[in-house]
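Within every chain, numbering begins at 1; the chains are lettered A, B, ... in the order of the sequence lines, protein sequences first and strands thereafter.
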Protein chains: 2
Amino acid sequence: MKLVSIYECLCDATRLRLLNLLLQGPLCVCHFQAVLGESQVKISKHLSYLRARRLVTSRREGNWMIYALARPAARSPELAANLTCLRKCAQASPPLQRDLAQLKNLSLACTPKGSARTHGPSGIFGRS
Amino acid sequence: MKLVSIYECLCDATRLRLLNLLLQGPLCVCHFQAVLGESQVKISKHLSYLRARRLVTSRREGNWMIYALARPAARSPELAANLTCLRKCAQASPPLQRDLAQLKNLSLACTPKGSARTHGPSGIFGRS
DNA sequence: GAACTATATTCCTTTTAAGGTATATTGAAG
DNA sequence: CTTCAATATACCTTAAAAGGAATATAGTTC
């Protein structure tokens with residue numbers, strides 16, 4: 001992947017927020033929606049964008065789609081370097097830190113519409 | 001400066017090439033034109049873009065404008081980190097390395113239109 | 001299989017960025 | 001003061017990105 005394409009992935013605020021969350025580990029789309037407070041389409045499209053460029057992978061778990069950063073072994077040196085750089089920069093970014101705090105406050109599984117949790121993707125957290 | 005703005009500066013191929021050259025030290029516009037082989041307007045605009053966002057500074061020397069990366073002290077931690085990352089990534093990029101090789105082959109001062117050198121900005125090289 | 005949930009995709013509109021041509025500016029040289 | 005060289009800017013056109021509404025898909029539940 002060309003270097004400029006990596007920067008193209010990083011040059012949008014929504015994608016930065018998504019990647020920042022993914023640096024913590026795999027997440028399902030509903031988590032992104034809850035944390036970012038953006039429309040479903042918008043989030044889905046940016047995730048597709050990142051997936052098309054191999055920065056993230058996705059797998060289905062029931063109705064949920066779980067997104068994760070490309071495995072380290074699948075990262076080009078350029079991508080690896082930039083993700084490391086991003087992780088570092090994110091620590092100094094209040095909005096990105098706020099997103100992480102929000103994420104921690106979420107229930108550990110999808111509980112859409114405030115309903116009592118009955119099911120949800122399992123094993124999302126705890127594997128970075 | 002917001003993180004996303006840094007990535008916006010980096011997400012264009014021409015700007016990447018300009019910054020890559022500037023990592024070697026200050027340069028005048030004619031050098032960029034010679035190395036990139038792009039139109040004067042295009043180069044000038046991208047330099048303006050970078051200057052407006054404080055990634056580079058410019059000073060006049062006679063007819064020439066000398067561009068340089070923002071002094072280290074003027075770099076935000078995010079910018080510093082990303083420039084370091086870019087420097088590293090550039091080493092693995094054949095096109096960017098080719099630009100550097102081209103730069104080395106240039107006369108040390110502006111000698112436009114292949115004419116014998118009579119004058120030109122002095123002291124461009126040798127101070128990174 | 002009908003209804004529902006989560007997510008993706010299509011189609012369209014709006015916004016933004018990029019690039020070109022022509023022109024302006026600035027300093028140098030005569 | 002005129003001319004020239006180097007660079008910047010204005011103005012315009014085109015291309016690309018972003019975002020929304022509506023719809024499609026895939027899996028689940030009953």
Side-chain angles (χ1 to χ4, degrees), chain A residues 4-5 7-18 26-34 36-53 56-68 107 109-122 124, chain B residues 4-5 7-18 26-34 36-53 56-68 107 109-122 124:
Chain A
V4 72
S5 305
Y7 290 125
E8 282 168 354
C9 289
L10 298 174
C11 76
D12 174 273
T14 302
R15 290 196 289 272
L16 267 191
R17 295 178 74 188
L18 295 174
L27 289 171
C28 98
V29 178
C30 54
H31 292 117
F32 294 120
Q33 289 181 226
L36 302 207
E38 299 276 5
S39 76
Q40 185 256 320
V41 207
K42 185 168 173 179
I43 289 176
S44 183
K45 277 185 183 170
H46 282 296
L47 287 170
S48 293
Y49 184 104
L50 294 172
R51 184 180 46 189
R53 286 154 188 81
V56 307
T57 59
S58 65
R59 71 189 147 84
R60 180 175 281 276
E61 185 155 328
N63 275 338
W64 296 270
M65 292 294 289
I66 315 295
Y67 282 83
S107 148
C110 295
T111 56
K113 296 181 186 165
S115 63
R117 172 178 192 279
T118 55
H119 45 237
S122 61
I124 306 304
Chain B
V4 72
S5 305
Y7 290 125
E8 282 168 353
C9 288
L10 299 173
C11 75
D12 175 273
T14 303
R15 289 195 291 270
L16 268 191
R17 295 177 74 187
L18 295 173
L27 288 172
C28 97
V29 178
C30 56
H31 291 117
F32 295 120
Q33 290 181 224
L36 303 206
E38 299 276 6
S39 77
Q40 183 257 319
V41 207
K42 185 169 173 178
I43 287 176
S44 183
K45 278 187 186 171
H46 282 296
L47 287 170
S48 294
Y49 183 104
L50 294 173
R51 183 179 46 188
R53 286 154 188 82
V56 307
T57 58
S58 66
R59 70 188 148 85
R60 179 176 284 278
E61 185 153 329
N63 276 339
W64 296 268
M65 291 295 288
I66 315 295
Y67 282 83
S107 148
C110 295
T111 58
K113 299 181 184 167
S115 64
R117 173 178 190 281
T118 55
H119 45 236
S122 60
I124 307 304

Where along nucleotides 11-27 of chain C does protein come under 4.0 Å, by heavy atom, of base (B) or sugar-phosphate alone (S), with - for untouched nucleotides? B------SBBB----SB
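Remark: P of D:dT7 and CZ of B:Arg59 are 13 Å apart, rounded to the nearest angstrom. Regarding A:Met65, its CE atom lies at a distance of 10 Å from the P atom of D:dG27, rounded to whole Å. Atom CD in B:Gln33 sits roughly 12 Å away from atom C1' in D:dA8 (whole-Å rounding). The distance from atom CZ of B:Phe32 to atom P of D:dA6 is 16 Å, rounded to the nearest whole Å. Between B:Ile66 atom CD1 and D:dA8 atom C1' the separation is 15 Å, expressed in whole Å. Per the geometry, CD1 belonging to A:Ile43 stands 10 Å off P belonging to C:dA8, to the nearest Å. Computed from coordinates, the A:Glu61 CD to D:dA26 C1' distance equals 15 Å when rounded to whole Å.
A pairwise comparison of heavy atoms in B:Glu8 and B:Arg15 identifies O-NH2, 3.0 Å as the closest pair. Nearest heavy atom pair, residue A:Ile43 against residue A:Glu38, reads CD1-O, 3.8 Å. Minimum interatomic distance between B:Ile66 and B:Pro26 (heavy atoms only, all atoms of both residues): CG2-CB, 3.8 Å.
A sub-4.0 Å separation between OP1 or OP2 of C:dA6 and a side-chain N or O of A:Tyr67 is absent.
For the atom pair A:Ser44 OG and A:Gln33 CD, the distance stands at 8.5 Å (nearest 0.5 Å).
In this structure A:Arg53 satisfies the side chain to side chain contact (heavy atoms under 4.5 Å, CB included) test together with A:Met1, A:Cys9, A:Tyr49, A:Leu55, sequence neighbours excluded.
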